[in-house]
2 protein chains.
Amino acid sequence: MKLLDNGICSIDSILASGFRDGKYGVSVIYHKDSTAVGVYTQNKVYAAPIDVTRKHLENGKISAIIVNSGNANCYTKEEGLKNAERMAKLTGEVLGIPSDDVAVASTGVIGRQMPMDVIEPVAMESLNSLGNSRENATDAAKAIMTTDTVPKECAVESELVDGTKFKIAGICKGSGMIAPNMGTMLGFITTDLEVPQDELQQLLRDSVKRSFNMVVVDGDQSTNDTVILMSTNEVKGNVDDNFKEALDYVCISLAKQIAKDGEGAKHFIEVTCHNAKCEDDAITIARSIVSSSLVKTAVFGADPNWGRIITAMGYSGVDFDPECVSISIESDDLKADIVVDGCVMTYDNPEILKKAEMIMQHKEIIITVSLNDGDCYATAYGCDLTYDYVEINAEYTT
Amino acid sequence: MKLLDNGICSIDSILASGFRDGKYGVSVIYHKDSTAVGVYTQNKVYAAPIDVTRKHLENGKISAIIVNSGNANCYTKEEGLKNAERMAKLTGEVLGIPSDDVAVASTGVIGRQMPMDVIEPVAMESLNSLGNSRENATDAAKAIMTTDTVPKECAVESELVDGTKFKIAGICKGSGMIAPNMGTMLGFITTDLEVPQDELQQLLRDSVKRSFNMVVVDGDQSTNDTVILMSTNEVKGNVDDNFKEALDYVCISLAKQIAKDGEGAKHFIEVTCHNAKCEDDAITIARSIVSSSLVKTAVFGADPNWGRIITAMGYSGVDFDPECVSISIESDDLKADIVVDGCVMTYDNPEILKKAEMIMQHKEIIITVSLNDGDCYATAYGCDLTYDYVEINAEYTT
């Protein structure tokens, strides 16, 4: 598997664009008659574009995706639905395709109607500048950003077991920070391998389960979270483990970029729970640790405070024996085994504590816990942050 | 019902004390042969003192409570259990009571053995300075503090329906902040009304459900959370609604004090969910809103961002119709009805938005939501904070 440099335009037949006017941006991804599937937020309050996209993806066929930033088009009732459909219609008109073949997504402020007088012109600019260049790919990645501080993309080329080459390329947005504006997670992934709709749906679900769903910011699901996987169907071949591995790689790379992004965030945190009796337990434990403010602040403390890790495990709801766990912290080439099979190593070995303190200074912290109770594992991603509440707050006090 | 001024010493027969040496404090509450019950953390990883206290409270009879701050005595195995029992034994020796009649609690650093060489002398000082003065009450409230910035107490006198006077007095510790050291919640409540053990247990559970359990900091349950309710049994009478109301009052007052406490916290947030079809739904919605970082930051935003409130309701897991909800924000004498029966009032009434922005500047923000789906309600308490991560972080970067 090798990394490619052209972002969302890494597959030659895919056209993309992005245009921004102040806070409003529109990105378009286009390939006629692609197979596509989506996964969406579980939040009971979900945005209008999700209704439209679900409907248009029922038959598994789209030709374009249009995404706007600046307004989430959420809690906007009939007018919101009309506007979401309008975005699809506009796309259909300019590109000469049925509006039913257009997926729609939005991200931004909740609860206000889309200012179509501003957004439509931006959409038109984007729709009229589709291309396959590096610049097109960058524009597309940028125009969907809201609280993100960096555009996010990942593209790879790999081979099926039989040697057939295929590509997977994706962009996403989302920010691993607690922010005045919550970062919706949007992901758009393309491939050239032909995959039937049902199989594509399962592949997406599996990869999202291990990637986007394992990014924990503060536990909140946005009203707009959407991930779409589309195939141009140009490469004939059967999905195998190599394909799944490559799809996981792209999705996890994008998910990590989300976790790492955050104004002033100083640490990226990755937590793996090993040796759980089932995958759900491992997922729950890993997520509990990485979303725990106790752990986030422990990462900053001069004292690693592994006690916070065990506390977060303890209230996760998973049944395990605290006397059997192992906990280690590592970064780069340094590793500290703090608890081994329930024994706290730092009691008699203060140098281990010192090593852990040093590890905590690194930018990427990997926490590994083992429940010593089975074979299953899961990894979750998050970050600490240096969000300057004092500064933000000072703006608003009377 | 009237407020009393003597803190935990408001009931004349109760003796209390508190002594502190640097980071280690010990408080004692004493009344011979009291009836007592407790509720404890649900965290699977719980501190040694909880094992001891549960055992000693089985027969519903204690004579004293001894609490230390500075060390949580958690994840400390056999030595930890021995030390928790030692605290009870010490108390028994000095006060001439069986050590089985002593409840024990701890709060502080997790994962380190209790430095008994420091804590025992502090305990001895406390045990030898019991009294019923205002100063005793203050000492007791202070010696249990860890990350708290203020001591917390509440005492009331009220009457049963038949005119029988009774008192309820309590202290607690806990801090409504996301902090390097998570604030364990400890509560110790006394009454002089005679109540049988089983009834006392139910009363405590009901009041804790509406008070301490509704304080949401960041969703974490400490390994040490403990609330004990003890009765001196001096006043003969039957528990009635007046008693329950007074107990609720004291517990909620203490809980609110926890929510309000936090270094630099600028706002206290109270959320009530009305008209839910069942109490559990109301509890879940209220907690979801007050613990949502979206809402916490919305409280600071110049734009009230009620959209965050509906989002937090949406991912709570409760089934409700977003098109039927009402949302209002108030403080002091100002109230803004932002959403009424699913209609967003701010679209056509910008002055409502301006009013909401003004309300957000006040120190105590009350958010009320209605699901318009039943009769049940619940209130949750939290706070926003201005935790200066930049400053803290600057201490620890390489």
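Letters go in sequence order (proteins before strands), and every chain restarts at 1. Only a predicted model underlies this, so the values are computations on that prediction, with no experimental measurement involved. No hydrogens, no waters, no symmetry mates; every other heavy atom, side chains included, goes into these values.
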### Interface moiety of Asp319(A) toward chain B, non-hydrogen atoms closer than 4.5 Å
both

### Query
Does a sphere of radius 6.0 Å around NZ in Lys82(B) hold more than 12 heavy atoms from other residues, nucleotides or ligands, not counting ones at 6.0 Å or beyond?
no

### Message
So if I apply the side chain to side chain contact (heavy atoms under 4.5 Å, CB included) rule between Thr311(B) and each of Val45(A), Ile110(A), Thr41(A), which one comes out positive?
### Response
Ile110(A)

### Query
Do other residues, nucleotides or ligands put more than 12 heavy atoms under 6.0 Å from the NZ atom of Lys77(A)?
yes

### Query
How about Glu351(A): does its CD atom have over 12 heavy atoms from other parts shown lying under 6.0 Å from it?
yes

### Query
Are any non-hydrogen side-chain atoms of Lys44(B) and Met313(A) less than 4.5 angstrom apart?
no

### Task
Please say whether more than 12 non-hydrogen atoms of neighbouring residues, nucleotides or ligands are located less than 6.0 Å from OH in Tyr46(A).
no

### Query
Checking Val318(A) against chain B: side chain, backbone, both or neither under 4.5 Å from a heavy atom?
backbone

### Task
Would you mind checking which part of Phe320(B) comes under 4.5 Å of any heavy atom in chain A, side chain (CB onward), backbone (N, CA, C, O), both or neither?
both

### Query
Looking only at heavy atoms, which two atoms of Tyr315(A) and Asn43(B) are closest? And how far apart?
N-OD1, 3.4 Å

